[in-house]
2 protein chains.
Amino acid sequence: MRLILVAGTTATAEIDGISAAGADKDLLGHTPGADAELLTYGDVVRAPEVPMSPTGCPTPALVTRAARELAGFDVVTVDGGLGIPTGAPTVTVGARPGGDIREQDPVPSAPGAFEAARQFGWKLPAEEFVLGETIPGGTTTALGVLRALGEEWSVSSSLPENPMELKEEVVAAGLEASNLQTGDAAGEPKTAVRRMGDPVLAVVAGLTVGALETGTRVVLGGGTQMLTAAALVRHAGIEAPLSLATTSYVADSVPDFEAAASALDLGVTVSDPGFDAVDHVGLASYAEGVAKEGAGMGGALALAERAGVLDDVAAKTFDSLQRLEVDNGP
Amino acid sequence: MRLILVAGTTATAEIDGISAAGADKDLLGHTPGADAELLTYGDVVRAPEVPMSPTGCPTPALVTRAARELAGFDVVTVDGGLGIPTGAPTVTVGARPGGDIREQDPVPSAPGAFEAARQFGWKLPAEEFVLGETIPGGTTTALGVLRALGEEWSVSSSLPENPMELKEEVVAAGLEASNLQTGDAAGEPKTAVRRMGDPVLAVVAGLTVGALETGTRVVLGGGTQMLTAAALVRHAGIEAPLSLATTSYVADSVPDFEAAASALDLGVTVSDPGFDAVDHVGLASYAEGVAKEGAGMGGALALAERAGVLDDVAAKTFDSLQRLEVDNGP
């Protein structure tokens with residue numbers, strides 16, 4: 001079994017108040033590469049440190065890595081527009097860092113990356129794979145894509161208080177800059193992601209379309225960004241079965257999550273890693289609704305559940321936090 | 001445990017009669033990427049086919065993959081100057097495809113790639129790793145480096161008849177073009193590899209130096225190209241323990257192999273995968289002295305031996321040849 005992590009960046013993350021991925025703005029650009037390094041090696045290599053949210057919540061990549069160590073699946077990272085070279089090995093599909101969606105054409109590499117990822121999805125020798133994403137600011141660009149497609153659902157946040165008003169403002173400004181009305185890109189996934197999205201969504205959607213077209217099963221591992229990727233796949237006219245694996249933290253806190261998954265005809269798996277029982281402030285904050293998902297965490301938990309090791313993930317994650325000397329609270 | 005494959009190209013391979021890696025010149029450039037894909041996925045993805053020598057000997061990458069499936073080690077590919085995008089994920093250290101060593105400055109990216117690989121070697125979280133290489137034409141560039149360093153040993157070949165005269169001619173022309181006498185680059189590994197080598201040797205040597213400098217153990221998995229990498233490491237002034245794992249096909253056929261390993265103070269492991277007992281013309285040709293090594297095969301066999309599964313590698317390789325529908329002889 002293989003988990004494919006698509007890692008990239010969008011300048012949308014630099015808008016004040018948008019993202020919790022990386023406590024410090026200087027570190028924000030390192031987060032996706034750091035996540036890929038953690039999944040590959042169990043530690044950062046070229047990235048300066050393990051990503052933490054402003055409130056001390058460690059990156060979900062640590063949970064995905066812990067699940068990987070227990071369940072023994074492979075990881076491949078696809079470059080979905082990384083801005084800084086990572087020490088993790090990456091597959092290139094032509095994605096470039098995404099611009100701020102308040103610009104007119106923020107992701108010109110999206111259509112090409114979608115097609116290259118689709119071809120990669122055709123050729124990948126696998127019966128099934130799990131997809132994950134890591135892109136700071138990704139829920140805002142996901143919201144932009146949903147509105148461009150004409151879908152009414154909401155998105156999650158890695159912050160304790162989801163700044164939905166700010167996100168809606170940014171998306172409204174983006175639609176205006178792109179000269180689009182809500183729903184104008186319905187049935188045109190490449191346009192939606194080019195004008196209102198990010199390069200990671202383009203690559204995730206393209207990979208999924210290519211895999212489904214050749215009979216490979218895909219599990220989207222994540223929250224509302226992966227719901228958005230699924231919407232792109234459906235708007236590409238692909239009706240094949242598709243599933244989504246997320247955490248209980250997303251499923252319990254996003255009001256219309258089940259309705260959206262059902263409307264997109266997705267099989268949904270929800271896993272609870274039981275972080276409320278772990279004596280670590282950073283992990284406990286997951287149970288309090290911070291972070292929730294990312295870096296394929298939901299998909300990795302589903303694989304851990306299949307392998308019968310889900311109950312060991314919390315302790316394994318705690319061990320790696322100790323080993324990596326990540327602070328346990330203020 | 002992790003095997004790091006360094007994959008790249010040199011225009012030296014395009015000289016008539018030099019390389020057996022890829023039966024067809026059009027396919028030669030695809031060989032290193034194909035090897036990386038085979039190690040990562042068990043099949044080619046973007047490469048057009050499984051590499052075969054002109055006499056029908058399949059790439060040693062299939063053996064490394066078989067050993068990986070049995071022994072369960074990770075694989076990371078480092079881009080050592082690939083000319084064509086591969087579907088395997090790769091780490092970038094700034095290596096560019098190498099030129100023909102009969103030019104004056106065939107590998108200008110070598111010093112920078114050596115240093116970037118060295119830094120990657122410093123940071124890689126591991127107690128030990130195995131290194132492999134895949135570069136068509138690599139024994140000729142290895143010979144060039146040995147002569148530039150002033151080392152007198154010979155090199156192996158993946159062809160049934162090692163074209164040593166041709167290789168010596170090419171190296172003599174290279175030394176002349178670089179205005180070097182034999183031994184002029186002694187103690188100057190970056191100069192030796194820049195003027196007479198290839199980008200893969202630069203990356204392998206840099207990675208090894210960086211790892212040894214930070215106390216990480218390195219096993220060089222391969223034949224005379226890895227001996228040459230070890231020579232570069234010693235000429236960089238690194239005296240730390242270093243070992244080399246190769247196949248019985250190299251150890252039995254390269255006359256001064258043991259003497260060279262001893263002079264370089266290398267611990268040597270030799271593994272026999274027992275291909276003479278397998279009913280496959282392509283694999284039997286390994287036992288007849290064709291191919292011999294490559295794509296980390298010797299290192300992978302050593303890991304299989306440690307894991308107690310060496311005896312299963314031949315059958316596993318045979319199975320994958322059947323699955324991939326690689327021809328069994330003419």
Side-chain angles (χ1 to χ4, degrees), chain A residues 1-7 33-34 36-50 65 68-69 71-80 82 84-95 116-117 119-127 129 207 210-211 214 216 320 323-324, chain B residues 1-7 33-34 36-50 65 68-69 71-80 82 84-95 116-117 119-127 129 207 210-211 214 216 320 323-324:
Chain A
M1 182 56 70
R2 179 171 290 116
L3 185 146
I4 300 179
L5 179 73
V6 183
E37 291 173 356
L38 285 166
L39 261 59
T40 305
Y41 305 109
D43 201 347
V44 290
V45 177
R46 284 177 171 163
E49 59 181 46
V50 175
R65 171 71 192 191
R68 184 190 172 198
E69 288 180 17
F73 51 85
D74 279 353
V75 164
V76 164
T77 302
V78 176
D79 184 341
L82 289 163
I84 301 170
T86 174
T90 57
V91 177
T92 300
V93 290
Q119 289 178 29
F120 184 63
W122 288 345
K123 293 180 185 168
L124 208 63
E127 289 179 12
F129 60 78
L207 257 172
T214 48
T216 300
S320 74
R323 181 175 51 81
L324 296 168
Chain B
M1 182 57 68
R2 178 171 291 117
L3 186 146
I4 301 179
L5 180 73
V6 182
E37 291 173 355
L38 285 166
L39 261 59
T40 305
Y41 304 110
D43 202 346
V44 290
V45 177
R46 284 177 172 163
E49 58 180 46
V50 175
R65 172 68 192 191
R68 184 190 172 198
E69 287 180 16
F73 52 84
D74 279 354
V75 163
V76 165
T77 302
V78 176
D79 184 340
L82 289 163
I84 301 170
T86 174
T90 58
V91 177
T92 299
V93 290
Q119 288 178 31
F120 184 63
W122 288 345
K123 294 179 183 167
L124 207 64
E127 291 180 8
F129 60 79
L207 257 173
T214 47
T216 300
S320 73
R323 181 175 51 80
L324 296 168

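Chain identifiers are assigned alphabetically (A, B, ...) following the order of the sequence lines, protein sequences preceding nucleic acid strands; residue numbering begins at 1 within each chain.
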Identified side-chain contact (heavy atoms from CB on, under 4.5 Å) partner of Pro89(A) from the options Val75(B), Thr77(B), Val76(B), Asp79(B): Val76(B)
Atom group of Thr90(A) that falls short of 4.5 Å from chain B, counting heavy atoms: both
Test side-chain contact (heavy atoms from CB on, under 4.5 Å) applied to Gln119(A) - qualifying residues, sequence neighbours left out: Trp122(A)
Partners passing salt bridge (Lys or Arg N to Asp or Glu O under 4.0 Å) against Arg2(B) (at least two apart in sequence or in another chain): Asp74(B)
For the student: nearest non-hydrogen atoms of Pro125(A) and Asp43(B), plus distance: CG-CB, 3.8 Å
Taking every non-hydrogen atom, the tightest pair across Val93(A) and Arg46(B): CG1-NH2, 3.5 Å
Thr86(B) versus Val91(A), closest heavy-atom pair with distance: O-CG1, 4.5 Å
